[in-house]
Every structure is written in structure tokens, then in C-alpha cells.
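For reference, the structure discussed in these notes is given below.
In the text below, chain A, chain B and the rest are named by the order of the sequence lines, each starting its count at 1. Computed from a predicted structure; not experimentally measured.
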Amino acid sequence: AQSVTQLGSHVSVSEGALVLLRCNYSSSVPPYLFWYVQYPNQGLQLLLKYTTGATLVKGINGFEAEFKKSETSFHLTKPSAHMSDAAEYFCAVSVSSGNQFYFGTGTSLTVIP
Amino acid sequence: DAGITQSPRHKVTETGTPVTLRCHQTENHRYMYWYRQDPGHGLRLIHYSYGVKDTDKGEVSDGYSVSRSKTEDFLLTLESATSSQTSVYFCAISWTDTDTQYFGPGTRLTVL
């Protein structure tokens, strides 16, 4: 079975500081990995995804994530936080042999001016 | 944004009443999903569909049923709503079971 763990339900960073949101997954087969962002009172939007190939994936709004198979991780980073980055972030995993997505419980990012 | 709409966007109902939520897409995606979002639980899959009249249960399907008679519409029904079903419900669509899911704007349901 697949699962996703997001470490830290709340993360606060200062504006201009590095953003690091952690995601670890459990999967017995090669996974597809996703990061979504949710702004207040809105649905989820795709930030980036990893399927195959290059392990460093670049997404929208300056975010990127690196797939590390040995660590079963897919952490999300952004070099410099902006006030508009304040939102809820969800990591998700799916596998080709399955028929479902598995979402983490989310990390709420606060950006302090 | 993928063309996904949900109706109603907000609903308040009483315990024991039936409720139907509608998800409509204009993208012709094969897969459609219903999730509920609750604090501390993230998104949990209720039911999904992999084609017209083809549906399957998700993680939290008890108390919910679904129907898909057309590619573009996926209905979620609470036969007899309970207070534990107060939540925000999201519909999502995708081309394949592993591909990116695109989400609708959500329906906030309150069961009193």
C-alpha cells in the first residue's frame, strides 16, 4: 500500500527565507509524486510533479522538488519566500499498478513579513 | 484551469435528509473523483469513477453513493446526511489513474 507523510503540519518562515516542506512516501513500486497548493477557499492547484526522468523537478511560482529514491522523499523547496506563498501544501503519490491517489495531511505555510 | 464546476457551492441541511452534490466537467477526462477535506485529515477519497457507469469505493465510502451516467457528470449522494458528513467536498478529474488530478472549487456542506 502507498502512503504519504508530511512532516510538520505548520511551518513559518520569514519573507525572503528558504522554504522547505517535507514529504516522505511509502511505495513498493516506482511512484508518481505531486505537490499541490491550496489557497483559502479554493481547490487544489498543481505545483509540480515527478513521473520519470530528471529527479529535480521545477514547478510554478519558483518552487522545485527533488525525488530521492534512497530516502523515499520528495521535499518541496523555494529559495526565497514571498507573502503570496502563504497557503496549504499537499504532497501526493500514485502508482501505475494502483488506481488511487494518496494525499498527505497537508502543511500550512505562514510567511512572516 | 480545467473546466470543472461543482454545485451547489454551499449547502446547509438537516440530519437525516438526502443530499446530492454535482460535479460537471467539460474536459472529457475519463477519471473523476470525490474527496472530502477535514482539518487534520487532508483529503480523503470517497469514491471514484473510471468511466460511465464504472465506479469504485475509496477510503471513506460509508454513507455515500455515486453515479455517473454521462462522461461529464459525477454525482455524490448522501442518502441520509449525518453531522459527521459536515465537510468540504472536492471533485477532481484526470486522464489516467496516475496522471495529474485537476480540482473543482469545492462544496462546503454543513449538516445540522
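Cluster annotation: B/V52 and B/I93 are assigned to distinct hydrophobic clusters (Ile/Leu/Val/Met/Phe/Trp/Tyr, side-chain heavy-atom contacts under 4.5 Å, transitive). Hydrophobic clustering of Ile, Leu, Val, Met, Phe, Trp and Tyr side chains at less than 4.5 Å, counting indirect connections, keeps A/L18 apart from A/L7. A continuous path of ILVMFWY side-chain contacts below 4.5 Å connects A/I60 to A/L76, so both sit in one hydrophobic cluster. In the hydrophobic clustering of this structure, A/V37 groups with A/M83; members are Ile, Leu, Val, Met, Phe, Trp, Tyr whose side-chain heavy atoms approach within less than 4.5 Å, directly or through other members.
With a 4.5 angstrom heavy-atom cutoff, B/Q37 touches chain A only via side-chain atoms. Only the side chain of A/Q38 comes within contact range of chain B, with heavy atoms under 4.5 Å apart. In this structure, the portion of A/L46 lying under 4.5 Å from any heavy atom of chain B is its side chain and not its backbone. Using a 4.5 Å cut-off between heavy atoms, B/D38 makes no contact with chain A at all.
Within residues 60-83 of chain B, no residue approaches chain A closer than 4.5 Å by heavy atoms.
Contact count versus chain A (heavy atoms, under 4.5 Å) is highest, among B/G104, B/P105, B/G42, for B/G42.
Here the closest heavy-atom approach between residue A/N41 and residue B/R108 is recorded as OD1-NH2, 3.8 Å. Closest approach of B/L43 and A/F103 over heavy atoms only: O-CB, 4.0 Å. Here the closest heavy-atom approach between residue B/T98 and residue A/S94 is recorded as O-OG, 3.4 Å.
Atom CD in B/Q101 sits 5.5 Å away from atom OH in A/Y36 (nearest 0.5 Å).
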